[in-house]
Amino acid sequence: MRSLAWLGVVGLMVSCGPVSPEIAAQRCEDRARAAQGPEGGVNVGLNSNTGSFANARIGVSLDALRGPDPQAVYEACVLRMTGEVPIRPPMLRNR
């Protein structure tokens, strides 16, 4: 039973290891994009089975409400995930 508990602890420690710089950059770009402001979308269509449909979504991140610079959000996120500065600048949408 104890060996099973140790196996679980070791598994958790391994999963919390450092993230590769490229994966960190991708994840942090998503967070930096969300910091640029609210995002949303609308879908409208017609279906032969159920007829017409429409839906909408709006997403606002906490970073967007606080208003920090998306570049700063990206850099801080990568530093936190890897312990290193970003390997490339973020690819953000133009406003």
Side-chain angles (χ1 to χ4, degrees):
M1 186 69 160
R2 284 185 181 209
S3 62
L4 187 58
W6 277 108
L7 184 61
V9 169
V10 170
L12 286 173
M13 290 171 59
V14 169
S15 67
C16 295
V19 176
S20 79
E22 185 57 37
I23 290 173
Q26 291 171 356
R27 290 180 185 170
C28 294
E29 278 178 345
D30 292 340
R31 185 164 180 187
R33 281 187 204 105
Q36 287 183 305
E39 296 179 318
V42 176
N43 292 323
V44 179
L46 188 59
N47 182 317
S48 62
N49 294 329
T50 60
S52 62
F53 66 90
N55 62 37
R57 66 173 178 77
I58 297 175
V60 180
S61 75
L62 189 57
D63 286 327
L65 295 174
R66 281 190 256 157
D69 176 33
Q71 179 75 30
V73 169
Y74 172 77
E75 291 172 1
C77 177
V78 171
L79 186 60
R80 187 173 47 257
M81 290 181 84
T82 65
E84 301 174 8
V85 295
I87 59 171
R88 61 176 170 80
M91 293 179 234
L92 305 174
R93 68 177 188 261
N94 293 329
R95 299 197 112 209

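- Separating the OG atom in Ser61 from the CG atom in Asp30 is a distance of 11.5 Å, to the nearest 0.5 Å.
- Across all non-hydrogen atoms, the minimal contact from Ala24 to Val19 is N-CG1, 3.8 Å.
- Of the possible donor and acceptor atoms, one in the side chain of Arg33 sits under 3.5 Å from a partner among the backbone N and O of Met91.
- Val78 and Ile87 fall into different hydrophobic clusters, where Ile, Leu, Val, Met, Phe, Trp and Tyr are joined by side-chain heavy atoms under 4.5 Å apart, directly or via other members.
- Taking each heavy atom of Glu29 and Pro89 in turn, the nearest pair found is OE2-O, 4.1 Å.
- With hydrophobic clusters built from ILVMFWY side chains whose heavy atoms lie under 4.5 angstrom apart, Val73 does not share a cluster with Val85.
- Annotation for Pro21 and Thr82: closest pair CA-CG2, 4.1 Å, computed over non-hydrogen atoms.
- Closest non-hydrogen pair, Val42 versus Val44, comes out as CG1-CG2, 4.0 Å.
- For the pair Arg31/Arg27, no side-chain contact is recorded, criterion being any heavy-atom separation below 4.5 Å from C-beta on.
- The two residues Ala34 and Ala64 make their nearest non-hydrogen contact at O-CB, 3.4 Å.
- For Ile58, the CD1 atom counts as loosely surrounded, since its 6.0 Å shell holds 12 or fewer non-hydrogen atoms of other residues, nucleotides or ligands.
- Salt-bridge check for Asp63 with Arg66: passed, with a basic side-chain N closer than 4.0 Å to an acidic carboxylate O.
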